[in-house]
Each structure stands twice: as C-alpha cells, then as structure tokens.
Amino acid sequence: MRRRVARVCRALGRHANLRGLCRAGYRRHSTRRLVLGIETSCDDTCAAVVSSEGEVLSDARSSQDSLRRKYGGVVPNLAQIVHRTAINGVVERAMADARVEPEDLAAVAVTVGPGLAPCLFVGIRHARRISAQWGLPCIPVHHMEGHALATQLRSPGTPALHELSFPFLVLLVSGGHSLLLHAHGVGDYTELGSSLDVSMGVSFDKVARQLGLKGGGPELEAVAARGNPKAHPLSIPMRGQKHHCDFSFSGLTTQTLQAIEMAQKPHEIDSYFEDMGALPSATQADIAAAFQSAAVKHVVDRTEIALNWALEDAPDTKTLVVSGGVASNKTVRGGLERIARSYRIGTVFPPASLCTDNAAMIAWAGIAHMDGKHVDLEPPTLAEAVLRGDEEEFVQAYPRWPLGVRHPNAKKLDLERFGEHTVAKSRITRRNHRRSLTEETRERQASGCIN
Ligand code: KG4
Ligand code: ZN
C-alpha cells in the first residue's frame, strides 16, 4: 500500500507542478480558498493569508531581533513569552491586511516542527484555538517543507516567479538549517545531506561577532567584499570526502576564530587603552573574505555531490532551489549558480522575504497538502494533513523531525559513523513520530473529528 502511495505521489510530482495540483484542488472546490498560516518555530512570530493560487494576501511578522542581539542568540523560554504576547496581534494584523473575515478562510495551517518546543507550542495552541472557534480544519505543517515549496508564492496580481516541476533539489542555508533535499512531490522528500554540527548561518554569525561586526552574516559579506581571501588561507571542510553531502562548519569556524586571535595579538599592546585587540580594517576584511570563500566552496562541494546523487536517482531533476537567510549572499549565489549550470540545472533563489522564516510558506504548504488530500500520504509526511478539532484537542509538536528519509548512500554512512545502536535508535524515534501521528489520526477518526 505504502509503495502504491509513493508511486502515486511520484506520478503526481512528475506530471503536475504545485500550481497544477492546486488548480486541480481548486476545481474540485470550485471557489478560491484562503488559508491562514501561523509560524512560531524560532523567534519570529508570523501569520499570513495565502490563496490557493499562491497569492500572498498578507504577511505579518513580529521579530525578536533586538533580544537576539542582546543575548547573542535565541533563549527559548524568553522567546516563548514574546511569542505569547505577540501572536494575537500578528494574527489580527494578517487578517486585517488581507481584508478577510474568519468565514472567508478554508483552513488554518501551523508549523508543528521542527523547531524550539516552547515556541512551537504557542503557534500550535493559537492555531488550534482559532480553528476550533472559527470551525476550520487545522493543518499541521513541517517547517522545512514550507521552505522547500515557497518559490511558487507571489504578490496578488503578479505571475508566479518560477514554474517549478517536481523533482527538484533544495538547499536550505540559514541560521537554523543546512540541508540538502531531493523533492519528488508534495510530502515526498529524500534528505541527501545535513549539517553534522552548526548551521552555515550560525558559523557566519560567530565569525562576524569575533571580527567585531554586529550585523552578522550580511555585514560580514559587505566587509569581505574589500578583502583578499588568499591573505589568510583557510582549509575547506571535508574536501576529500566525496562519498557524502553532509556539511560541517564548526572546524572552519574554529580555524577562523584562531586566525582572528592570531591577527589580534600584535595589536593588543598598541590599542590597549582604546579598543583592545581591534583589528586593522584591511586584516578584518581579509579574514572575512577568506572565511566566506572557504564556507562557499564547502557548500558548493556538498551541493555538487547532491546534484550527482539526485541526477542518478531522477535524471529529470531540472532545478536547484536555494533558500534560507544565507541564500542572499552574492558569493554563495554565484558559486551555486556556476556549479548548477555546469550540470545544466537551473537555479531559483526566492526573494529575501520568502527565504527567511515566514508564515506564507506555511499556509502554502498547508494548501498543497489540503489539495493532495485524496492521496493517502503517511505521516510524518503529513498524511492526515487536514485535521478538524475543538479547543480541547491537542496537536503535538515535533521539535526534531526529519523531512523525508535519508538517502540510501547517506544511511550507509550513518551506520559507519554512529554505529548500529545510534542509527537504530534514531530509526525508532522516526517510527515513534510516525506512530504518534497515526494514532492521533485514528483517535480523531474514531471521535469523528476528521473528514
Ligand atoms: O533564514 P534566516 O533569516 O533565519 C534563521 O534561520 O534564523 O537566516 C538568518 C541567518 C543568520 O545567521 C544570518 O547571519 C544569515 O542567515 N545571513 C547571511 C546573509 N544574510 C543573512 N549570511 C551570509 N551572508 C548574508 N548576506
Ligand atoms: Zn527556517
């Protein structure tokens, strides 16, 4: 049965792009449907209204940037408090900006994972509450799937930026993720590579901070533009490892922090009474450029291996979608465009507003699942995408939740790296995720809460 479902998904993916799928759903329901999306997986409180044609009617956000800067990162419990105070206003703003009333909506979609558990719960509870109040289905969405499908969104009245057909490759590089996915269809993904330690965005942020740059990755990029990457050569992570496409940024980060320390030493005495250890701006720029160059080469190397795997599995893969905050870096873009072109693969970089965490992508992923409702996808690919419930009903959060299965090549390597015990344990965790979702669905079906 599962194989048949997978075949149906692939067939759908191959022959219909997302818009096609939505149009099919559209016809079935005969009217344009609107979905309210809610996203609180990290420290941005977001709500948006999106139509089944991919139009973003509103996109309300409340950011915790100042807190993040103050504490040098996200403090989950603090972020939860801020989400709680912001969520009502953000949802109201999304509804008002879109000029819609609850009765105009077809569903509420909400991120249920992965992310920070205390933060996820705020969004989930709110979504559950209003969906019960407004008598709407509540669709649980995987945050990464939101990122993967976001390219089809557009402003009202404008055409879609890209017509995207499955299968395609996705690279997510942000503060929260470094991930390579092969997308075969809605709810059908293979994980080709992920970060073994810190994400690319966190690595940029740490180096920027040590260089005395308060603006994180974007400021590092600006400073690197006037530097010489060859002045402080740094080694590129995992250069010789061509048998997998996982990332590792922690070694490069440490190496760069050491280079900064070394460069600071001679200046400590001179500048003791002013700004101890501050670097001359030329050195700062050179180190920033060297770090950026090594990080980009690493991400390009891993993407090239992923391209090989993807093309071997599905030669009709035509596009590489690059999303996440780091995707706005011009050197990153240039490197990825070059490598993709050499494989005759097109690249798609969604606009910055869709690259970063947002609720429009969550609403859109919800719509895609709602339209694919006739396809009995299994959790955790969000099989029972459309849930209906009352206020007492509880949607579980999935703070650690893989999207799709690891590629067989990567699985083999996981066994070598972590041993049978750890891999088996992670398999059980995945199975448990699946089981708990399935059980939940059954319970709801029994109580007549699901269509
Ligand atoms: O997707 P995003 O906005 O949110 C989170 O995942 O939290 O990504 C933010 C990350 C930060 O680490 C930021 O420093 C990095 O993306 N970033 C950049 C650039 N713009 C944002 N890194 C390098 N170059 C950039 N231009
Ligand atoms: Zn994200």
Side-chain angles (χ1 to χ4, degrees), residues 37-46 48 59 61-65 67-69 71-76 79 83 111-116 119-120 123 141-151 170-179 181 194-195 198-211 213-225 227 247 249 252-253 256 288-289 291-296 298-299 321-336 349-362 364-365 399-401 403:
I38 294 179
E39 152 67 38
T40 59
S41 67
C42 191
D43 61 345
D44 290 325
T45 319
C46 313
D59 183 7
R61 306 176 192 212
S62 166
S63 141
Q64 300 181 21
D65 270 355
L67 270 184
R68 193 196 278 223
R69 239 173 271 140
Y71 293 99
V74 183
V75 184
H83 276 308
T111 308
V112 296
L116 302 169
C119 302
L120 285 167
V141 171
H142 194 295
H143 178 82
M144 306 298 194
E145 185 165 39
H147 275 301
L149 302 181
T151 37
V170 186
L171 169 68
L172 293 177
V173 273
S174 68
H177 349 279
S178 306
L179 189 66
L181 289 174
S194 63
S195 183
V198 296
S199 70
M200 191 170 184
V202 164
S203 177
F204 265 82
D205 290 340
K206 280 190 176 170
V207 171
R209 214 176 305 134
Q210 197 70 16
L211 284 170
L213 308 171
K214 295 219 169 74
E219 196 178 353
L220 190 147
E221 180 185 12
V223 169
F247 306 87
F249 287 98
L252 174 63
T253 312
T256 316
F291 163 75
Q292 180 175 268
S293 160
V296 170
H298 178 47
V299 101
V321 175
V322 189
S323 191
V326 188
S328 53
N329 183 297
K330 290 197 183 66
T331 316
V332 172
R333 285 183 177 223
L336 291 168
F349 297 92
S353 62
L354 292 177
C355 273
T356 56
D357 288 352
N358 65 86
M361 69 182 193
I362 302 303
W364 183 233
R400 296 173 65 80
W401 182 13
L403 179 61

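All ligand and atom numbering here is 1-based and tracks the order in the structure.
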For this session: Using a strict cut-off of 4.0 Å, indicate which atoms of ligand 1 neighbour a heavy atom of Asp205.
Result: 11 (C), 12 (O), 13 (C), 14 (O)
For this session: Show the numbers, then the answer: is there a side chain to side chain contact (heavy atoms under 4.5 Å, CB included) between Leu211 and Val223?
Result: CA-CA 10 Å; Leu211 284 170; Val223 169; 5.9 Å; no
Problem set entry | Minimum-distance protein heavy atom relative to atom 24 (N) of ligand 1 | Asn329 ND2, 3.0 Å
Exercise. For ligand 1, which atoms have a heavy atom of Glu221 less than 4.0 angstrom away?
Worked result: 25 (C), 26 (N)
Seminar exercise, completed: Near Gly201 (heavy-atom distance under 4.0 Å), the atoms of ligand 1 are 12 (O)
For this session: Begin with the C-alpha distance, continue with both residues' side-chain angles, and end with the deciding distance and a verdict on side chain to side chain contact (heavy atoms under 4.5 Å, CB included) for Met200 and Phe247.
Result: CA-CA 9 Å; Met200 191 170 184; Phe247 306 87; over 6 Å; no
Seminar exercise, completed: Atom name of the N, O or S atom of His177 nearest to the Zn ion (ligand 2) is NE2
Seminar exercise, completed: So OG1 of Thr111 and CE of Met361: to nearest 0.5 Å the spacing works out to 6.5 Å
Exercise. Is there a donor in the side chain of His147 and an acceptor in the side chain of Asp357, or the other way round, less than 3.5 Å apart?
Worked result: yes
For this session: Answer whether the closest heavy-atom distance between the side chains of Val207 and Leu220 falls below 4.5 Å.
Result: yes
Exercise. For ligand 1, is there an N or O atom under 3.5 Å from any N or O atom of Gly217?
Worked result: yes
Problem set entry | ligand 1 to Asp357 polar contact by distance, N or O atoms, under 3.5 Å | no
Exercise. Where do Cys42 and Glu39 come nearest, in terms of heavy atoms and distance?
Worked result: N-OE2, 4.1 Å
Exercise. Would you say His177 and ligand 1 have an N/O pair spaced under 3.5 Å apart?
Worked result: no
Problem set entry | Distance filter under 4.0 Å to Ser328 heavy atoms, resulting ligand 1 atoms | 19 (C), 20 (N), 26 (N)
Problem set entry | Nearest neighbour in protein (non-hydrogen) for atom 7 (O) of ligand 1 | Arg68 NH2, 3.4 Å
Exercise. So is there a nitrogen or oxygen of Gly325 less than 3.5 Å from a nitrogen or oxygen in ligand 1?
Worked result: yes
For this session: State whether the side chain of Thr40 and the backbone N or O of Cys119 hold a donor-acceptor pair below 3.5 Å, judged by distance alone.
Result: yes
Seminar exercise, completed: Closest to the Zn ion (ligand 2), among the N/O/S atoms of Asp357, is atom OD1
Seminar exercise, completed: Nearest heavy-atom contact between Gly324 and Ser174 is CA-CB, 3.8 Å
For this session: Please report the C-alpha distance between Phe204 and Phe249 in whole Å, then the side-chain angles of each, then the deciding distance to 0.1 Å, and finally whether the ring-ring contact (aromatic ring centres under 6.0 Å, His included) criterion is met.
Result: CA-CA 9 Å; Phe204 265 82; Phe249 287 98; 8.0 Å; no
Exercise. Between Ala360 and Ala48, what is the shortest heavy-atom contact and its length?
Worked result: N-CB, 3.4 Å
Problem set entry | Proximal heteroatom of His143 relative to the Zn ion (ligand 2) (N/O/S) | NE2
Seminar exercise, completed: protein heavy-atom neighbour closest to atom 3 (O) of ligand 1 works out as Thr356 CG2, 3.0 Å
For this session: Identify the residue among Val173, Leu171, Val296 that makes a side-chain contact (heavy atoms from CB on, under 4.5 Å) with Leu336.
Result: Leu171
For this session: Record the part of Val326 in heavy-atom contact with ligand 1 below 4.0 Å; permitted values are side chain, backbone, both and neither.
Result: both
Exercise. Short list, please: which atoms of ligand 1 are under 4.0 Å from a heavy atom of Gly175?
Worked result: 5 (C), 6 (O), 8 (O), 9 (C), 10 (C), 12 (O)
Exercise. At their closest point, which heavy atom of Val141 faces which heavy atom of Ala365, and how far apart are they?
Worked result: CG1-CB, 3.7 Å
Exercise. With a cut-off of 2.8 Å, does any N, O or S atom of Cys42 fall short of it relative to the Zn ion (ligand 2)?
Worked result: no
Exercise. Does Pro218 reach ligand 1, in the sense of a heavy atom lying below 4.0 Å from it?
Worked result: yes
Exercise. Is there any N or O on Gly176 that sits under 3.5 Å from an N or O of ligand 1?
Worked result: yes
